[in-house]
Amino acid sequence: MQSAVAPRTQLAGAQGRRAALPASVPRRSARAAAATPTARKLCLAARAHASPFRDNSPATATTMDSRLADSPPATPAPPAEPRTKSRVVVLGSGWGAVAFIKNVDPRMFGEDGPYELVLVSPRNYMLYTPLLPSAVGGVVSENSIVESIRSLMHDKGRYYEARATGIDPASRTLTCVKQFCEVCAARMDNGADVVHTDVDHTFTVPYDVLLCSVGAVSATFGIPGVYEHCWFLKSMEDAQKLRKHIGKALEQAALPDVTPEQRKKMLSFVVVGGGPTGVELAAELHDLMTEDVAREMPHILDDVSITLVDGLDSLLNSFHAEIQTYAGEVFNRSGINLRLGCKVTAVHVGKIEVQRKDGSADVVPFGTCVWATGIAMHPLVAALQAQLPAEVQGSRRGLLVDPNLRVMGSQGTIFCLGDAAVTGATTKTALPPTAQVARQQGEYLAALFSHHRLGLQEQPEPATGDLVPLPAGAKPFQYLHLGSLAYLGNQKGVMDLPFKTPFLKTLRGYLGGQTWRTLETFMQISPRTRWMVFMDWVRAAMFGRNVSDI
Ligand code: FAD
Ligand code: NAI
């Protein structure tokens, strides 16, 4: 079960790494001297953070060193020791990846275990996405719904803060691009000659087995103007920007030179997409306006409007029919304008064009437009898919996986989970792109890797052609649906219950709202975030939200 990846072992060696240091240091110092002292400090700090020299991994560190060094090492690297561990590289720090690393057996992934684990993600935290709309509304704080990836990994492996830009399944290598601090990135974007500019920003990470859990991106369906004029709600950065923008919009609308017409327009919030993301965001906006803006800025409240637009005739189409009707009723009673059966065809400055079911067109003006129309395939996943045999791939949603979550056509070397994976033969049998599915898939793979020893063979298995054969007795992944929840505002919520009995299919109203709140607290990533979210609810109930635009 040993790797046949020659470059990795040839380059390995701690001595070689140390020898490469002096050669590259003077050059970086000279460049650093050219930058301002503050910039230099920041850049060096950022560099230290992403420094390859902090990495103990023979494979990756030497690959990076070879790019950084100007001249060959002064002393030759000692002969590489034969590798005995199987190198498992995990891409992503979201639901799927974190469920995997939290649940793997530490003995299997520890110093004496058969695996070596590396996790690569541009974000060194896991985000609890279900409370992202609440973070926009300000009822929970951003810090309360993220947990550091380093604390989640403990000593099970190494973490690299980087973005994978390419996967080469033939050589089993990832190309990654380093992440710099925002100040450095902005300086470099402006052409500043800061320390990093003399170095290649990419490095490579070899793998024996890859777990791809990079999620998906926001779908725009190529509709013109969406990227230019809309806000999104997919990441913490999106939520932070949107929250700040809403605070600014409220203050701008309250300025004395604004006419009543301008104020109405500035305070019209339009959400496109009546799926759970759009519905929960509209609900949180409603609570923010009716509870906190009403208290702090009552003079502008009458000019605030919230509109939800969807091409279909009802909200929450993945939920039970009763819930769809109920959600519409709650929104109507709350004063949220529903524009259902209206498909957005273009977005312009301050207005969207919609097409009704009967073919007629209309225009909806907005001050703020949030785009929440679902997800599309991650570009990294699309690029990998293009390298795999077309006969076994070809879904427009993601990578087709077998019952054990192995990517079809990857000879067992790549597993895929979460939003990036497509299970089942047809769209109807495929599992939905939810946190619940990603988490269970991560847990399943953790059990698979912990109970068996999956490793790379030098030759493909004759019967299957697999380079990483599936262990005998490995059970397929089985999904257990535990129900779906959504918040509708005004303390009300809905839950699709996982029971088949006709009397217990749904939970609605105030009880649904309390169930949502309780479960979203207890399902948190860690005891720390559980406590913080709980305290956020208490804080918001006692003192309200902070409507300042920080
Ligand atoms: P993600 O959790 O999205 O994680 C992807 C990871 O990959 C991230 O860490 C990212 O930084 C990393 N990454 C991205 N690009 C790269 C790259 N090039 N290289 C390396 N790493 C990369 N589902 C539910 O079941 N219930 C809910 O209540 C719910 N609420 C939601 C609310 C919102 C606002 C949103 C946006 C989604 C919600 N979802 C919910 C859906 C759920 O968040 C996703 O299904 C889930 O996050 C998928 O998990 P994942 O691991 O596939 O991807
Ligand atoms: P979605 O795919 O569930 O809903 C997108 C909505 O946008 C659809 O109703 C669709 O009709 C509409 N739409 C698409 N194009 C449009 C257009 N041009 N004009 C007008 N409307 C248009 O997407 P969402 O809500 O982002 O959810 C993504 C995934 O995350 C889903 O699997 C969902 O179940 C999950 N999720 C679950 C949550 C929960 O359980 N509480 C919360 C948020 C997300």
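Counting starts at 1 for both ligands and their atoms, following the listed order.
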Requested in this report: List every atom of ligand 2 that sits less than 4.0 Å from any heavy atom of V344, numbering the atoms from 1 in the order shown and giving each element.
Outcome: 17 (C), 18 (N), 19 (N), 20 (C)
Query raised in the report: Numbering the atoms of ligand 1 from 1, which are under 4.0 Å from a heavy atom of G418?
Result: 52 (O)
Query raised in the report: How far is atom 26 (O) of ligand 2 from its nearest protein heavy atom, and which residue and atom name does that atom have?
Result: T277 OG1, 3.0 Å
Query raised in the report: So how far is it from E284 CD to L233 CG, rounded to the nearest 0.5 Å?
Result: 10.5 Å
Query raised in the report: Does CD belonging to Q478 count more than 12 external heavy atoms closer than 6.0 Å?
Result: no
**Report entry** Carboxylate-amine/guanidinium contact K343 D310, below 4.0 Å
**Finding:** no
**Report entry** Top protein contact for atom 21 (N) of ligand 2, by heavy-atom distance
**Finding:** G311 N, 3.1 Å
Query raised in the report: Going by an N to O cut-off under 4.0 Å, is there a salt bridge joining R87 and D208?
Result: no
Query raised in the report: Counting each atom of ligand 2 from 1 as listed, which ones have a heavy atom of C342 under 4.0 Å away?
Result: 20 (C)
Query raised in the report: Among protein heavy atoms, which lies nearest atom 3 (O) of ligand 1, and at what distance?
Result: G215 CA, 4.1 Å
Requested in this report: Decide if the gap between the ring center of F449 and the ring center of Y115 is smaller than 6.0 angstrom.
Outcome: yes
Report summary line: So the atoms of ligand 1 within less than 4.0 Å of a heavy atom of R163 turn out to be 17 (C), 18 (N), 19 (N)
**Report entry** Test item, I375 contacting ligand 2 (heavy atom, 4.0 angstrom)
**Finding:** no
Report summary line: among protein heavy atoms, the one nearest atom 13 (N) of ligand 1 is P122 CD, 3.8 Å
Report summary line: closest protein heavy atom to atom 30 (O) of ligand 2 is P433 O, 3.6 Å
Query raised in the report: Hey, which atoms in ligand 1 end up nearer than 4.0 Å to a heavy atom of S121?
Result: 9 (O), 11 (O), 12 (C), 20 (C), 21 (N)
Query - Nearest neighbour of atom 43 (O) of ligand 1 from the list T129, V177, T434, on a heavy-atom basis - result: T129
Query raised in the report: Is it true that atom CE of M523 has more than 12 heavy atoms of other residues, nucleotides or ligands lying nearer than 6.0 Å?
Result: no
**Report entry** Closest protein heavy atom to atom 6 (C) of ligand 2, given as residue, atom name and distance to 0.1 Å
**Finding:** D310 OD2, 3.5 Å
Requested in this report: Starting from atom 4 (O) of ligand 2, find the nearest protein heavy-atom neighbour and note its residue, name and distance.
Outcome: G275 CA, 3.5 Å
Query - Within-4.5 Å side-chain heavy-atom neighbours: R339 and V364 - result: yes
Report task. For atom 36 (C) of ligand 1, find the nearest protein heavy atom and state the residue, atom name and distance (0.1 Å precision). Result -> L233 O, 3.5 Å
Query raised in the report: What's the shortest distance from atom 16 (C) of ligand 2 to any protein heavy atom, and which residue and atom give it?
Result: T373 CG2, 3.7 Å
Query raised in the report: Between Y227 and W371, is the ring centre distance below 6.0 Å?
Result: no
Report summary line: Rounded to the nearest 0.5 Å, the CG atom of L285 sits from the CG atom of L242 at a distance of 7.0 Å
Report summary line: Atoms of ligand 2 under 4.0 Å from any heavy atom of G273, numbered from 1 in the order shown, are 6 (C), 7 (O)
Query - Heavy atom of the protein closest to atom 17 (C) of ligand 1 (residue, atom name, distance) - result: A164 N, 3.7 Å
Query raised in the report: In terms of residue, atom name and distance, what is the protein heavy atom nearest to atom 1 (P) of ligand 1?
Result: G94 CA, 3.9 Å
Report summary line: Among Y487, F100, Y125, W95, closest by heavy atom to atom 46 (C) of ligand 1 is W95
Query raised in the report: Which residue owns the protein heavy atom closest to atom 8 (C) of ligand 1, what's the atom, and how far is it?
Result: S93 N, 3.8 Å
Query raised in the report: When rounded to the nearest 0.5 angstrom, what is the spacing between OG in S134 and CD1 in I145?
Result: 7.5 Å
Query raised in the report: Which atoms of ligand 2 sit under 4.0 Å from any heavy atom of L485?
Result: 39 (C), 40 (O), 41 (N)
Requested in this report: Check ligand 2 against I223 and write out every atom of the ligand that is under 4.0 Å from a heavy-atom position of the residue.
Outcome: 18 (N)
Query raised in the report: Of A435, A239, G374, C212, which has the heavy atom at the shortest distance from atom 41 (C) of ligand 1?
Result: A435
Report task. Please determine if R150 forms a cation-pi arrangement with Y159, meaning its NZ or CZ atom is less than 6.0 Å from the six-membered ring centre and no more than 45° off the ring axis. Result -> no
Query raised in the report: Is L485 close to ligand 1, meaning an N/O of one under 3.5 Å from an N/O of the other?
Result: no
Query raised in the report: When the ring centroid of F100 is compared with that of Y444, is the distance short of 6.0 Å?
Result: no
Report task. May I ask you to decide whether R406 forms a salt bridge with D402, counting only side-chain N to carboxylate O separations under 4.0 Å? Result -> yes
Report summary line: Judged by heavy atoms only, the candidate from G278, S314, S484, P276 nearest atom 37 (C) of ligand 2 is P276
Query raised in the report: Do ligand 1 and S213 have nitrogen or oxygen atoms that lie under 3.5 Å from each other?
Result: yes
Query raised in the report: Can you tell me which residue and heavy atom of the protein come closest to atom 10 (C) of ligand 1, and the distance to 0.1 Å?
Result: R123 NH1, 3.9 Å
Query - For atom 15 (N) of ligand 2, the protein heavy atom that lies nearest, with its residue and separation - result: F221 CE1, 3.5 Å
Query raised in the report: With only distance considered, is G96 within less than 3.5 Å of ligand 1 through an N or O on each side?
Result: yes
Query raised in the report: Which atom names give the shortest non-hydrogen contact between L431 and R397, and what distance separates them?
Result: O-NH2, 3.2 Å
Report summary line: Separation between CD (Q436) and CG (L480), nearest 0.5 Å, reads 8.0 Å
**Report entry** Closest to atom 52 (O) of ligand 1 among V90, D419, L119 (heavy-atom distance)
**Finding:** D419
Query raised in the report: Is E161 salt-bridged to K178, cutoff N-O under 4.0 Å?
Result: no
Query raised in the report: Can you tell me how far CZ of R243 sits from CG of L288, rounded to the nearest 0.5 angstrom?
Result: 8.0 Å
Query raised in the report: Within the structure, does P432 bring an N/O atom to less than 3.5 angstrom of an N/O atom in ligand 2?
Result: no
Query raised in the report: With a 6.0 Å cut-off on ring centres, are W537 and W516 close enough?
Result: yes
Requested in this report: Would you mind running through ligand 2 and noting each atom that sits below 4.0 Å from a heavy atom of T434?
Outcome: 32 (O), 34 (O)
**Report entry** Salt-bridge criterion met for E147 and R528 (N-O under 4.0 Å)
**Finding:** yes
Report task. Before accepting this row, confirm whether a basic side-chain N of the pair R123/E237 lies closer than 4.0 Å to the acidic partner's carboxylate O. Result -> yes
Requested in this report: Report, in ascending order of atom number, the atoms of ligand 1 lying under 4.0 Å from any heavy atom of Q436.
Outcome: 25 (O)
Query raised in the report: Can you tell me which residue and heavy atom of the protein come closest to atom 23 (O) of ligand 2, and the distance to 0.1 Å?
Result: G374 CA, 3.2 Å
Query - D362 bridged to R356 by N-O distance under 4.0 Å - result: yes
Requested in this report: Could you check atom 27 (C) of ligand 1 against the protein and tell me its nearest heavy-atom contact, residue, atom and distance included?
Outcome: P130 CG, 3.5 Å
Query - Where ligand 2 meets L312 - atom numbers and elements under 4.0 angstrom, heavy-atom basis - result: 11 (O)
Query raised in the report: What atoms of ligand 1 come within less than 4.0 Å of a heavy atom belonging to V120?
Result: 20 (C), 21 (N)
Query raised in the report: Within less than 4.0 angstrom of ligand 1, does H378 place any heavy atom?
Result: yes
Report summary line: dist I101:CD1 -> L445:CG (nearest 0.5 Å) comes out at 13.5 Å
